[in-house]
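Here the structure comes first, spelled out in structure tokens, and everything after it is commentary.
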There are 2 protein chains.
Amino acid sequence: MAMPDRISELHAELCKTLGSAIRINILNALKGGEKSVGDLSAALRVRQPNMSQHLAVLRQRGVVTTRKDGVNIYYRVSNPKIIQACELMKQVLVEQLKEGEELTKLVGPARR
Amino acid sequence: MAMPDRISELHAELCKTLGSAIRINILNALKGGEKSVGDLSAALRVRQPNMSQHLAVLRQRGVVTTRKDGVNIYYRVSNPKIIQACELMKQVLVEQLKEGEELTKLVGPARR
DNA sequence: AGTAGACATTCGCATATATGCATCCGGTTA
DNA sequence: TAACCGGATGCATATATGCGAATGTCTACT
């Protein structure tokens, strides 16, 4: 329509990029500062090649940036706004869960 | 890890839900207020069954809510924070594009 | 009751995505 | 140069997603 929706295309790509629990966890792990592939692999208990692939996805979409230091490659989130967006979405989830609980409380308090 | 990553699972689901240009456009269209399926279908030039499918996805994840009025069903975004999150991501995209332009300006100003 | 309009659902197919495994690459150290 | 370590890639398979076409459901109207 109005927006040539090339932007929407990119926007969707970005969301798709975040549409994986592993990648979400990667971002969460990177909130605390940059980490190497090995660090991430160990922290999230994901095999290295798999981790590498997910990092590649995040890298291609520009979500993360790398810095090479000696033998290791350190990853970090490229734009803090990405973190902010994630926080917002998590808030949405929390609110949804809260509503859900209240509903079940109303509908079936002892609903085993 | 720390976070039982059940949340991460849901978070990823939410992102995946937004990982479609059509659904992004739907949300953008709903920024201006609730709209019926027919409205959306016409506005985005998407066939009705297909639109219905995308709306179902958004509904299942709780991104949108419905209100039935006579024969029509009106959709709206369930939580304004979702819009906010989208705005943030769009800002990220804009910044990325800007950086990209500057880079190409530096690397190859007359690059084809 | 019969018809039409507004949405939803199901099915089948084509395409995309995730994962594990094996392998490969580049820089260090012996 | 050989062996090693941190990462990246390629491949095969299982699974999920998007779309069109046909069909179903519900409501309003005549």
Side-chain angles (χ1 to χ4, degrees), chain A residues 5-6 8-27 29-30 33-78, chain B residues 5-6 8-27 29-30 33-78:
Chain A
D5 103 341
R6 171 73 190 133
S8 309
E9 208 84 43
L10 291 172
H11 194 157
E13 290 291 312
L14 180 54
C15 289
K16 218 180 291 179
T17 301
L18 306 181
S20 146
I22 292 185
R23 292 198 286 269
I24 290 292
N25 283 324
I26 291 176
L27 290 187
L30 292 182
E34 59 180 18
K35 291 201 171 42
S36 73
V37 179
D39 292 344
L40 290 168
S41 182
L44 304 184
R45 299 236 185 66
V46 172
R47 290 167 220 280
Q48 178 271 318
N50 195 3
M51 175 59 71
S52 215
Q53 290 175 138
H54 283 290
L55 288 172
V57 174
L58 291 170
R59 213 188 322 127
Q60 283 163 10
R61 308 304 200 233
V63 177
V64 298
T65 320
T66 61
R67 177 180 71 86
K68 198 171 178 180
D69 179 38
V71 196
N72 312 24
I73 297 185
Y74 289 91
Y75 281 78
R76 75 179 150 213
V77 180
S78 67
Chain B
D5 104 341
R6 170 71 189 134
S8 309
E9 208 84 44
L10 291 173
H11 194 158
E13 289 291 313
L14 181 53
C15 289
K16 215 180 293 179
T17 301
L18 306 181
S20 146
I22 292 185
R23 292 197 287 267
I24 290 292
N25 283 326
I26 292 175
L27 290 188
L30 292 182
E34 61 180 18
K35 290 201 171 42
S36 73
V37 180
D39 292 344
L40 290 169
S41 183
L44 304 184
R45 299 238 184 66
V46 172
R47 289 166 220 281
Q48 178 270 319
N50 195 4
M51 174 59 71
S52 218
Q53 290 179 123
H54 283 290
L55 288 172
V57 174
L58 291 169
R59 214 188 322 129
Q60 282 163 11
R61 308 305 200 233
V63 176
V64 297
T65 320
T66 61
R67 178 180 71 88
K68 198 170 177 181
D69 179 38
V71 195
N72 308 22
I73 297 185
Y74 289 91
Y75 281 77
R76 74 179 150 212
V77 179
S78 67

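Closest approach of B:V37 to B:Q48, counting heavy atoms only: CG1-CG, 4.5 Å.
When each of A:T17, A:L18, A:L14 is checked for a side-chain contact (heavy atoms from CB on, under 4.5 Å) with B:C15, only A:L18 meets the rule.
C:dC21 atom C1' lies 9 Å from atom CZ of A:R47, rounded to whole Å. Atom CZ of A:R45 is separated from atom P of C:dT19 by 17 Å (rounded to the nearest Å).
Between the side chain of A:S8 and the backbone N or O of B:N25 there is no donor-acceptor pair closer than 3.5 Å.
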Table please: side-chain donor-acceptor pairs of residues 49-56 of chain B below 3.5 Å, with sequence neighbours left out.
residue: B:N50; atom: OD1; partner: B:H54; partner atom: NE2; Å: 3.4
residue: B:H54; atom: ND1; partner: B:R23; partner atom: NH1; Å: 3.0

Mind listing the side-chain donor-acceptor pairs of residues 64-74 of chain A below 3.5 Å, one per line with the distance, residues two or more places apart or on another chain?
residue: A:R67; atom: NE; partner: A:E34; partner atom: OE1; Å: 3.2
residue: A:R67; atom: NE; partner: A:E34; partner atom: OE2; Å: 3.2
residue: A:R67; atom: NH2; partner: A:E34; partner atom: OE2; Å: 2.4

Tabulate protein N/O versus nucleotide N/O from nucleotides 4-8 of chain C, keeping only pairs under 3.5 Å, one per line.
residue: C:dC7; atom: OP1; partner: B:I73; partner atom: N; Å: 3.3
residue: C:dC7; atom: OP2; partner: B:G38; partner atom: N; Å: 2.8
residue: C:dA8; atom: OP1; partner: B:Y75; partner atom: OH; Å: 2.6
residue: C:dA8; atom: OP2; partner: B:S52; partner atom: OG; Å: 2.6
residue: C:dA8; atom: O5'; partner: B:S52; partner atom: OG; Å: 3.4
residue: C:dA8; atom: N7; partner: B:Q48; partner atom: NE2; Å: 2.9

Quick one: which protein N/O atoms are closer than 3.5 Å to N/O atoms of nucleotides 12-18 of chain C? Pair and distance per line, please.
residue: C:dA18; atom: OP1; partner: A:R23; partner atom: NH1; Å: 3.3
residue: C:dA18; atom: OP1; partner: A:R23; partner atom: NH2; Å: 3.0

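The side chain to side chain contact (heavy atoms under 4.5 Å, CB included) test applied to A:A21 returns B:E9, B:A12, not counting sequence neighbours.
Rotation axes derived from the C1' atoms of the five outermost pairs at either end of the helix from C:dA1-D:dT30 to C:dA30-D:dT1 lie 10° apart, to the nearest 10°.
The stretch residues 37-61 of chain B participates, sequence neighbours left out, in these salt bridge (charged side-chain N to carboxylate O under 4.0 Å, His left out) pairs: B:E13-B:R61.
Considering CD1 of B:I24 and CD1 of B:I22, their distance stands at 11.5 Å, rounded to 0.5 Å.
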